[in-house]
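This report concerns only the one structure given below.
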Protein chains: 2
Amino acid sequence: MATIRDVARLAGVSVATVSRVINKTDSVNPETAGQVLKAIEQLQYEPNAVARGLAGKKMGIIALILPDILNPFFPALARGVEDVAHKKGLTVILGNSDDQGLKESSYIKVLKKKYVDGFIFASNTILEEDVEALRKEQIPIVLLDRGLNTASCAVIRSNNREGSKLAVKHLVEQGCQKIAHIYGPQEFITARERMLGYEEIAGRLREYSPSLMEQGNFDIESGQKAVEQLLVRHPDLDGIFAGNDLMAVGALKALHERGIPVPEQVKVCGFDGIGLTEITEPELTTIAQPVYEMGGLAAQILLDEIESGTRENKLIELDVTLIPRKSTHKEES
Amino acid sequence: MATIRDVARLAGVSVATVSRVINKTDSVNPETAGQVLKAIEQLQYEPNAVARGLAGKKMGIIALILPDILNPFFPALARGVEDVAHKKGLTVILGNSDDQGLKESSYIKVLKKKYVDGFIFASNTILEEDVEALRKEQIPIVLLDRGLNTASCAVIRSNNREGSKLAVKHLVEQGCQKIAHIYGPQEFITARERMLGYEEIAGRLREYSPSLMEQGNFDIESGQKAVEQLLVRHPDLDGIFAGNDLMAVGALKALHERGIPVPEQVKVCGFDGIGLTEITEPELTTIAQPVYEMGGLAAQILLDEIESGTRENKLIELDVTLIPRKSTHKEES
DNA sequence: TAAAATAATGTAACCGATTACAATATAACC
DNA sequence: GGTTATATTGTAATCGGTTACATTATTTTA
């Protein structure tokens with residue numbers, strides 16, 4: 001591998017000049033630049049990223065820390081981030097935090113030493129002090145799905161409350177009168193917002209009762225259990241809005257086990273828009289978040305901050321979309 | 001951030017001695033070491049990974065290049081790799097190649113400049129010349145699912161042929177007599193092996209015919225289409241072995257559309273063991289690959305090679321497991 | 001007991017870039 | 001025409017470690 005000194009020697013100039021040509025940081029005589037370019041070409045020279053990193057304290061790497069890539073919500077996010085980053089010549093480091101603040105801290109510690117350019121956290125557990133520390137060290141950071149009160153950096157999420165309202169309204173339109181809600185863990189702001197959206201619309205219904213809500217865990221099994229509980233209290237419920245798609249799948253399973261036909265007797269709607277929803281039987285109506293776009297946007301904002309050295313503490317809420325499918329289909333009568 | 005020179009100054013020794021204490025590369029007087037450790041503690045010193053990387057040509061990063069993290073097969077692989085890497089203090093860079101050799105080459109080019117310690121390719125498209133080039137530069141590399149004929153490095157895959165045989169035998173045991181196969185793109189060695197396994201067992205059946213095989217594309221839609229074709233030729237088929245789970249899901253969809261009951265009239269078996277198979281109706285029998293373990297093992301081998309500087313051109317085939325579920329269930333009579 | 005091996009430490013080059021500062025030549029200004 | 005601004009280039013320090021080589025003190029070996 002040729003170094004900048006090899007190029008300088010061959011072109012008959014100093015390394016500083018070569019560096020100037022490469023980075024266009026300073027004026028260089030066009031003729032000289034020509035020589036340098038020729039030498040670069042001839043030696044197939046490529047600047048060493050690590051040496052650059054050491055000098056500039058930036059390795060051209062962004063870190064994406066998410067709870068668990070196994071959760072079907074995150075691959076699309078990761079892909080969105082990676083596509084944007086790759087287009088700009090940056091690479092992406094992936095970390096799984098398992099929603100443990102400590103693991104996140106440990107990633108931060110390790111990656112700071114590697115001069116990562118910035119962080120994207122798709123997580124609810126990141127500690128405020130960690131955010132603050134990065135802020136102080138001027139390391140850009142973008143958060144996904146985090147509360148805005150604590151936000152001292154850019155935050156991206158989708159409009160969970162509106163999405164929730166969309167879902168419940170849709171169920172009502174399809175003829176549901178007694179709509180239950182399986183909500184996710186309340187430490188997640190997304191789960192709280194979705195619950196609020198549900199309450200806002202469902203609360204107006206004649207059949208509404210707080211006991212129509214049941215906690216789940218954002219996974220399939222908990223959705224299943226929640227429905228079992230709900231059916232004990234309300235055997236006559238005719239609609240279920242699950243706080244995410246996995247729990248909706250669980251709901252579908254539970255209903256199927258009990259022989260309750262979907263959508264004829266009970267209609268089910270999920271939230272997230274992950275791929276699973278297309279392969280259940282019946283296919284699952286859901287509120288789709290623009291997950292891929294969220295990832296792309298997060299990367300875009302991060303890259304902008306990295307490049308400009310500025311920080312924008314804005315909160316961006318992306319629109320969600322109702323995808324009506326068979327699980328909420330209304331029979332024509 | 002304190003540097004090694006700060007530590008040296010505070011401890012009253014040279015930087016070389018500090019380095020020796022940190023890396024335990026050379027004998028140091030215990031008393032001196034004590035001073036150094038105290039200084040390190042006091043200054044909260046952490047060695048800078050980039051400077052280390054520059055000097056040692058290793059950044060403590062491994063690259064995982066896979067076709068597409070959106071394909072549900074790969075998150076588990078990525079998680080397996082990351083868990084092992086993280087345990088050893090290494091970080092993982094993720095790249096999506098979309099099965100394009102050129103994109104892979106571009107990742108290699110970029111990442112070599114970043115002094116990545118090694119590569120894991122979960123891909124069929126990597127160019128032989130790229131492997132060879134890395135070999136020459138002593139950069140460790142592990143391949144997943146790649147042909148062994150060309151292998152000049154460690155290769156890990158699961159025993160596709162045996163898995164396939166397991167699947168077909170299982171269908172036979174469940175009473176199938178006319179078993180079709182949807183095979184994947186033949187440039188994938190996995191698809192070829194699975195087909196061979198199918199032929200070996202199914203070829204012995206009385207009802208066997210080569211026209212029971214139909215090409216698919218490893219995605220849901222192609223599975224659906226393949227079944228439609230197959231049903232035209234063989235309306236009486238009673239078993240389908242799909243080359244992967246996604247195509248099996250497609251098969252299920254096609255059968256469901258036609259009102260053909262599964263497993264009563266036709267039994268279906270997939271391959272891979274991804275999570276989707278648990279949420280279809282009926283749940284899908286599949287041949288599970290130990291995907292998470294494969295990732296972990298790949299990382300393990302890579303780390304060993306990185307540490308020892310050796311290369312082992314071994315081919316490892318991991319065992320697969322039949323997971324019988326409702327989609328191949330035999331009615332008791 | 002002299003010679004050879006081992007332990008402990010320091011000096012300084014090196015990894016391969018960036019960049020502050022200095023130096024020179026040329027162009028623009030009054 | 002002298003002075004100041006601008007363009008062009010080079011020198012050498014710097015980023016923050018690792019490590020080859022040299023030096024001195026202490027042990028082991030013959």
Side-chain angles (χ1 to χ4, degrees), chain A residues 1-37 39-40 43-61 89 110 112-117 137-139 309, chain B residues 1-37 39-40 43-61 89 110 112-117 137-139 309:
Chain A
M1 274 284 141
T3 74
I4 197 172
R5 284 165 229 278
D6 299 327
V7 174
R9 202 172 307 128
L10 181 59
V13 299
S14 74
V15 293
T17 300
V18 178
S19 178
R20 286 178 188 118
V21 171
I22 296 169
N23 301 301
K24 308 191 210 313
T25 47
D26 240 331
S27 55
V28 173
N29 185 311
E31 207 171 314
T32 315
Q35 307 287 158
V36 173
L37 258 13
I40 288 177
L43 294 172
Q44 298 248 49
Y45 167 72
E46 305 254 8
N48 180 300
V50 180
R52 267 190 163 163
L54 181 58
K57 298 193 189 305
K58 275 185 199 171
M59 279 294 295
I61 297 176
V110 171
K112 269 193 338 198
K113 289 191 261 180
K114 297 198 176 164
Y115 284 160
V116 207
D117 300 33
E137 300 182 57
Q138 311 264 28
I139 302 177
Chain B
M1 274 283 138
T3 74
I4 196 172
R5 288 169 225 274
D6 298 329
V7 174
R9 201 173 307 127
L10 181 58
V13 299
S14 73
V15 292
T17 299
V18 177
S19 178
R20 286 179 189 118
V21 171
I22 295 169
N23 302 302
K24 310 188 208 316
T25 46
D26 240 330
S27 53
V28 173
N29 186 310
E31 207 171 314
T32 316
Q35 307 287 159
V36 173
L37 259 12
I40 288 177
L43 294 171
Q44 297 248 48
Y45 167 73
E46 304 254 7
N48 179 300
V50 181
R52 266 190 164 163
L54 181 57
K57 297 191 190 306
K58 275 185 200 170
M59 278 295 294
I61 297 177
V110 171
K112 270 193 336 198
K113 289 192 261 179
K114 298 198 176 164
Y115 285 160
V116 186
D117 299 32
E137 299 182 56
Q138 312 265 27
I139 302 177

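For clarity, every value in this text was computed on a predicted model and none was experimentally measured. Because only heavy atoms are used, hydrogens play no part in the values below, and waters and symmetry mates are left out as well, while side chains stay in. So that the names make sense, note that chain A is the first sequence line, chain B the second, and so on, each numbered from 1.
Nearest heavy atom pair, residue B:M59 against residue B:D117, reads N-OD1, 3.0 Å. What you find for A:V15 and A:A8 is that their closest heavy atoms are N-CB, 3.8 Å. Listed here is the closest heavy atom pair of A:I22 and A:Y45: CD1-CE2, 3.5 Å.
For the pair A:M59 CE and D:dG16 C1', the interatomic distance rounds to 14 Å; values are reported in whole Å. As a whole-Å value, the separation of A:I22 CD1 from C:dG16 C1' is 11 Å. Here C:dT18 presents its P atom at 12 Å from NZ of A:K24, a figure rounded to the nearest Å. Summarising the geometry, the separation between NZ on A:K58 and P on C:dA17 is reported as 19 Å, rounded to the nearest angstrom. For A:N48 and D:dG17, the CG to P distance is 17 Å, given to the nearest whole Å.
Side-chain proximity of B:S27 to C:dA7, D:dG17, D:dT8: nearest is C:dA7. Of all nucleotides listed (C:dT11, C:dA17, D:dG17), C:dT11 comes nearest to the side chain of B:S14.
Annotation: the terminal axes of the helix from C:dT1-D:dA30 to C:dC30-D:dG1 meet at 30°, where each axis is the rotation carrying the C1' atoms of four end pairs onto the next four (5 pairs per end, rounded to 10°).
Within 4.0 Å (heavy atoms only), A:E31 reaches no atom of the nucleic acid at all. Backbone-only engagement by B:V13 is indicated by non-hydrogen atom pairs under 4.0 Å involving sugar-phosphate atoms exclusively.
With sequence neighbours left out, B:S19 forms a side chain to side chain contact (heavy atoms under 4.5 Å, CB included) with B:I4, B:N23. The side chain to side chain contact (heavy atoms under 4.5 Å, CB included) check on A:L10 picks up A:A39, A:Q42, A:L43, with sequence neighbours excluded. Residues that satisfy the side chain to side chain donor-acceptor pair (under 3.5 Å) test with A:S14, not counting sequence neighbours, are A:T17. Every residue meeting the side chain to side chain contact (heavy atoms under 4.5 Å, CB included) condition with B:E137, not counting sequence neighbours, appears here in chain and number order: B:K112, B:I139. The salt bridge (Lys or Arg N to Asp or Glu O under 4.0 Å) search around A:K114 returns none, not counting sequence neighbours.
Screening residues 48-60 of chain B for salt bridge (charged side-chain N to carboxylate O under 4.0 Å, His left out) gives no qualifying pairs among residues at least two apart or on separate chains. Counting only residues at least two apart or in different chains, salt bridge (charged side-chain N to carboxylate O under 4.0 Å, His left out) contacts with residues 8-19 of chain A comprise A:D6-A:R9. Residue pairs satisfying the salt bridge (charged side-chain N to carboxylate O under 4.0 Å, His left out) criterion with at least one member in residues 17-36 of chain B, sequence neighbours excluded, are listed as follows: B:R20-B:D26.
Here the OH atom belonging to A:Y115 is positioned 13.0 Å from the CD1 atom belonging to A:I61, to the nearest 0.5 angstrom.
Contact check, B:Y115 against C:dG16: a side-chain N or O comes under 4.0 Å of OP1 or OP2. For the pair A:K57 and C:dT18, the criterion of a side-chain N or O lying under 4.0 Å from OP1 or OP2 is not met.
DNA chain C lies under 4.0 Å from at least one heavy atom of each of the following residues of residues 2-12 of chain B: B:G12.
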Quick tally for nucleotides 19-25 of chain D: nucleotides whose base has a protein heavy atom under 4.0 Å get B, sugar-phosphate-only ones S, the rest -, giving BB-----
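Heavy-atom nearest nucleotides on DNA chain D were determined for B:R52 and for A:N29, and the one closer to the 5' end corresponds to A:N29. Nearer the 5' end of DNA chain C, as judged by each residue's closest nucleotide, is the contact made by B:V28, out of B:L54 and B:V28.
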